[in-house]
Undergrad: 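Below you'll find the structure I mean.
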Amino acid sequence: MALLYGLLWRLLLALLRVKRALMSWLRGRLRNRGGSLWERMAAALLLPAALPTDSQKKLERSPVSGSRADTGSRRAQWLADGKALEKLPVHVGLMVAEEEPSFTDIANLVVWCMAVGVSYVSVYDHHGIFQKNNSHLQEEIMRQQQNLLGLDGSKYNVEVLSNGGDEHQHCVVSCRPTVKVLSPEDGKHSIVQAARKLCHAVENKERSSRDINVSMLDVMLRESKNIPDPELVVKFGPVNSTLGFLPWHIRLTEFVSVPSHRNVLYEDLYGALQRYGVCQQRLGQ
Amino acid sequence: MPKHVAFIMDGNRRFARKKNMERQEGHMQGFNKLAEVRFFFNSCGEMHAITGHIFTPLNPFCLSHQTLRWCKQLSIPEVTVYAFSIENFKRTKEEVDGLLDLARQKFERLLEERENLEKHGVCIRVLGDLNMLPLDLQQLIAKAVLTTKTNNKCFLNVCFAYTSRYEITNAVREMAWGVEQGLIKASDVSEALLSECLYSNNSPNPDLLIRTSGEVRLSDFLLWQTSHSCLVFQSVLWPEYTFWNLCEAILQYQLNHKSIQKARELHREEQALQQLEADRACVADLLQHQGNGKPADAKRRQEALHLCTASREARVQDFLQALKQKRNHFFSDLYGEAVSAYESQS
């Protein structure tokens with residue numbers, strides 16, 4: 001009996017795998033053959049009046065003189081979108097659970113987040129690729145900012161924080177949008193380091209083990225930068241796991257999944273924000 | 001197949017509210033389901049539901065009993081459930097008392113069914129800070145934990161007076177205690193050691209975490225342990241959870257298995273690297289003290305590294321042994337108190 005069940009299960013799984021493979025193959029094929037045509041077609045079908053897709057954006061960007069007014073109205077639209085939400089997260093995490101992350105798409109997402117009115121954006125991948133290529137990401141964000149928001153750099157000046165980025169501490173005071181680049185190092189490892197610090201203090205008789213409490217650890221893990229915990233994490237990719245994303249900080253974080261971050265659209269992000277907007281937290285009550 | 005599944009059973013109050021409209025039916029369902037109740041302690045299911053309709057608590061009770069049976073049929077040996085969060089103490093006093101009363105009943109019933117538990121080899125563990133609970137409930141829990149301690153076919157972990165942040169903090173506190181006692185050094189603190197100090201130190205990390213009723217957050221549950229687990233959020237309310245929902249979740253897990261395994265491997269490598277780094281730092285320290293400023297050659301360095309690693313491991317072993325004893329004492333003391341109180345009464 002158990003054997004039969006086992007076989008049945010295997011069959012079901014195999015079927016599901018075949019379906020999945022077929023779907024991704026079809027998608028890839030259509031994309032390859034049609035190229036931007038396919039994307040534009042899909043965009044035309046799915047989002048008639050909505051924002052342009054990536055390929056269209058590139059076309060639009062070339063005439064600089066005309067794009068200025070365009071970006072202005074788009075920016076106003078995004079800001080209005082943010083205001084229209086019931087509640088807007090202060091801190092959004094963007095988590096890429098895919099191989100070979102695309103910097104341009106992530107930069108787009110960061111810029112959209114800020115345009116909508118999010119103050120802190122964290123970018124994470126479990127290989128630590130973004131952190132290793134921090135400056136590349138920063139450049140890309142600057143570029144996309146100009147492309148999407150126009151040249152008005154003073155208003156949306158970004159500070160990119162990363163490990164050892166202490167010289168940037170002032171930016172929290174100045175209320176500018178802040179981008180934080182995270183890797184698995186910032187997760188469990190930072191908790192262990194905080195624990196080690198506390199144990200050192202105990203070793204030197206500066207502190208007693210009884211004094212240690214949740215808020216003490218919490219303060220230490222905020223690294224004096226007083227950034228709030230992310231209220232929303234948008235996860236890109238097919239893997240349903242946090243893959244080591246800041247275990248301490250995601251206590252009350254809402255997770256919203258988007259299939260892929262490649263060629264991601266503003267609508268995908270806005271959909272996630274809308275989902276966050278309607279959720280209710282009871283906080284144990 | 002996942003070896004360890006964690007549940008956040010959400011949606012009982014919503015279910016009760018939904019069903020209140022058809023009260024008569026709710027009554028019937030409650031009574032019908034009552035007959036099925038056998039021995040398992042359910043967890044948060046009924047606890048949340050007590051605020052709803054008086055008979056609805058029975059539904060989730062039977063259902064989680066069923067869930068455990070399904071898990072057994074699917075040969076999943078370990079289940080962890082979120083029964084009562086520290087945050088739940090914020091509810092009104094009436095409600096909290098009600099929930100604790102219910103827990104009392106459930107543990108009592110569990111103890112009555114001792115033989116059944118033994119027959120199925122069910123080991124019950126309670127994760128959380130028991131000190132926050134009334135003494136008689138603590139004693140009951142200690143009794144339940146101690147009587148099922150030797151069973152080893154399946155494991156039911158009940159998170160009671162639990163939040164994950166509290167658990168991590170408690171682990172740090174235990175390590176600081178070890179430092180105070182002179183058992184370990186502050187430099188011995190590592191990810192692996194912290195994991196060993198958590199309430200869940202006897203279980204492997206869950207492979208799969210299921211949350212029902214469409215909420216998409218962890219609510220301070222097993223944050224540390226699920227960092228490389230498959231998370232499945234299902235929109236079905238807990239009392240309406242069926243076998244097929246469970247199968248769906250397991251299928252999701254199996255589809256994700258490969259990539260999660262890869263991420264886990266990566267994480268393990270990183271962890272080993274960090275440990276090596278810590279040991280190297282220890283070596284550098286040691287050589288500076290001994291070396292009189294002379295640069296050490298590679299061979300001496302290697303020897304020192306071995307020495308450092310071995311002595312660290314020995315310290316950690318001792319410390320973990322002491323910690324285990326401390327925890328066992330806590331339970332056996334509670335149990336002893338209960339017995340003596342009982343004797344003095346009779």
Side-chain angles (χ1 to χ4, degrees), chain A residues 2 5 9 12-13 16-17 20 97 126-128 184-185 187-189 191-205 207-214 216-218 237-245 247-257 275 279 281-285, chain B residues 1 73-75 85-91 163-166 168-180 184-191 193-194 215-220 223-224 226-233 247 250-256 259-260 263 266-267 270-271 274:
Chain A
Y5 273 135
W9 190 270
L12 203 68
L13 201 66
L16 220 85
R17 284 240 165 87
R20 236 190 176 192
H126 72 284
H127 291 286
E185 287 259 302
K188 284 184 181 177
H189 187 60
I191 299 177
V192 170
Q193 273 181 330
R196 207 174 278 167
K197 226 174 177 175
L198 285 173
C199 286
H200 267 301
V202 170
E203 209 165 42
N204 300 332
K205 305 257 185 305
R207 202 168 248 157
S208 149
S209 65
R210 283 164 197 283
D211 301 341
I212 296 170
N213 59 32
V214 175
M216 184 189 285
L217 218 62
D218 196 39
V239 189
N240 291 329
S241 172
T242 63
L243 298 178
F245 184 90
W248 179 269
H249 302 87
I250 53 169
R251 179 171 73 113
L252 298 171
T253 303
E254 305 276 337
F255 288 92
V256 177
S257 226
R275 219 174 141 192
C279 78
Q281 298 202 335
R282 298 176 301 276
L283 304 171
Q285 299 272 325
Chain B
M1 275 293 161
Q73 278 163 5
L74 293 168
S75 62
S85 151
I86 293 174
E87 302 285 318
N88 289 143
F89 282 116
K90 283 189 200 156
R91 296 186 181 186
T163 65
S164 192
R165 280 192 178 185
Y166 192 91
I168 295 170
T169 308
N170 187 61
V172 175
R173 210 180 289 147
E174 300 286 20
M175 290 190 290
W177 171 79
V179 171
E180 266 173 354
I184 47 169
K185 291 185 193 171
S187 56
D188 296 339
V189 172
S190 69
E191 203 178 309
L193 184 62
L194 204 154
E215 302 293 350
V216 287
R217 56 180 178 274
L218 294 172
S219 298
D220 221 336
L223 299 175
W224 180 279
T226 58
S227 67
H228 292 90
S229 304
C230 179
L231 310 181
V232 177
F233 300 109
C247 286
I250 292 173
L251 269 177
Q252 282 246 27
Y253 160 77
Q254 292 177 334
L255 288 173
N256 277 304
S259 28
I260 289 181
L266 190 78
H267 178 72
E270 245 161 57
Q271 205 180 320
Q274 272 159 17

Undergrad: Using every non-hydrogen atom in the two residues, find where A/Ala195 and B/Val189 come nearest and quote the distance to one decimal.
TA: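 So the minimum-distance heavy-atom pair works out to CB-CG1, 3.9 Å.
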Undergrad: Please flag which part of B/His228 lies under 4.5 Å from any non-hydrogen atom of chain A: side chain, backbone, both or neither.
TA: both
Undergrad: Measuring heavy-atom distances to chain A, does B/Ser164 have an atom under 4.5 Å in its side chain, in its backbone, in both, or in neither?
TA: neither
Undergrad: With chain A as the partner, which of B/Cys230, B/Gly178, B/Ala171 has the greatest number of non-hydrogen pairs under 4.5 Å?
TA: B/Cys230
Undergrad: Could you grab the distance from atom CD of B/Gln254 to atom CG of A/Leu12, nearest 0.5 Å is fine?
TA: 9.5 Å
Undergrad: Which answer fits A/Thr253, side chain, backbone, both or neither, if we ask what part of it has an atom under 4.5 Å from a heavy atom of chain B?
TA: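 The backbone, not the side chain.
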Undergrad: Which atoms of B/Glu270 are under 4.5 Å from chain A, going by heavy atoms: the side chain, the backbone, both sets, or neither?
TA: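 For B/Glu270, side-chain heavy atoms alone lie under 4.5 Å from chain A.
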Undergrad: Looking only at atom types and distance, does a side-chain atom of B/Arg165 sit under 3.5 Å from a main-chain N or O of A/Trp248, one as donor and one as acceptor?
TA: yes
Undergrad: Any idea which of A/Asp218, A/Ile212, A/Asn240, A/Leu243 has the most non-hydrogen atom pairs under 4.5 angstrom with chain B?
TA: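 Counting heavy-atom pairs under 4.5 Å, the top option is A/Asn240.
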Undergrad: So which of A/Arg275, A/Arg210, A/His200, A/Glu203 has the largest heavy-atom pair count under 4.5 angstrom toward chain B?
TA: A/Glu203
Undergrad: Is there a side-chain contact between A/Lys188 and B/His267 in this structure, where contact means two heavy atoms from C-beta onward sitting under 4.5 Å apart?
TA: yes
Undergrad: Can you name the nearest heavy-atom pair linking B/Asn256 to A/Pro238, along with the distance?
TA: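 Shortest heavy-atom separation between B/Asn256 and A/Pro238 comes out as OD1-O, 3.1 Å.
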Undergrad: Quick one: OG on A/Ser209 to CD on B/Glu174, what's the gap to the nearest 0.5 Å?
TA: 8.5 Å
Undergrad: B/Ser75 versus chain A, heavy atoms under 4.5 Å apart: side chain, backbone, both or neither?
TA: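 The answer is neither part of B/Ser75.
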Undergrad: Side chain from CB out, backbone as N, CA, C, O: work out which of these in B/Leu218 comes under 4.5 Å of a heavy atom of chain A, or both, or neither.
TA: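 For B/Leu218, the contact with chain A is made by backbone and side chain together.
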Undergrad: Go through the atoms of B/Glu191 and report whether side chain, backbone, both or neither lie under 4.5 Å from a heavy atom of chain A.
TA: both
Undergrad: Side chain, backbone, both or neither: which part of B/Gln252 has a heavy atom under 4.5 Å from chain A?
TA: side chain
Undergrad: Report the distance from atom CG of A/Asn213 to atom CZ of B/Arg173, rounding to the nearest 0.5 Å.
TA: 7.0 Å
Undergrad: I need the minimum non-hydrogen distance between B/Ala176 and A/Val202, along with the two atoms involved.
TA: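 The pair with the smallest heavy-atom distance is O-CG1, 3.6 Å.
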Undergrad: Checking B/Tyr253 against chain A: side chain, backbone, both or neither under 4.5 Å from a heavy atom?
TA: neither
Undergrad: What I'd like to find out is whether the side chain of B/Gln274 reaches to under 4.5 Å of the side chain of A/Gln193, using heavy atoms alone.
TA: no
Undergrad: Nearest 0.5 Å please: distance from the NE2 atom of A/His126 over to the OG atom of B/Ser227.
TA: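 OG of B/Ser227 is found 11.5 Å from NE2 of A/His126.
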Undergrad: For B/Leu255, which atoms come within 4.5 Å of any heavy atom of chain A: side chain, backbone, both, or neither?
TA: both
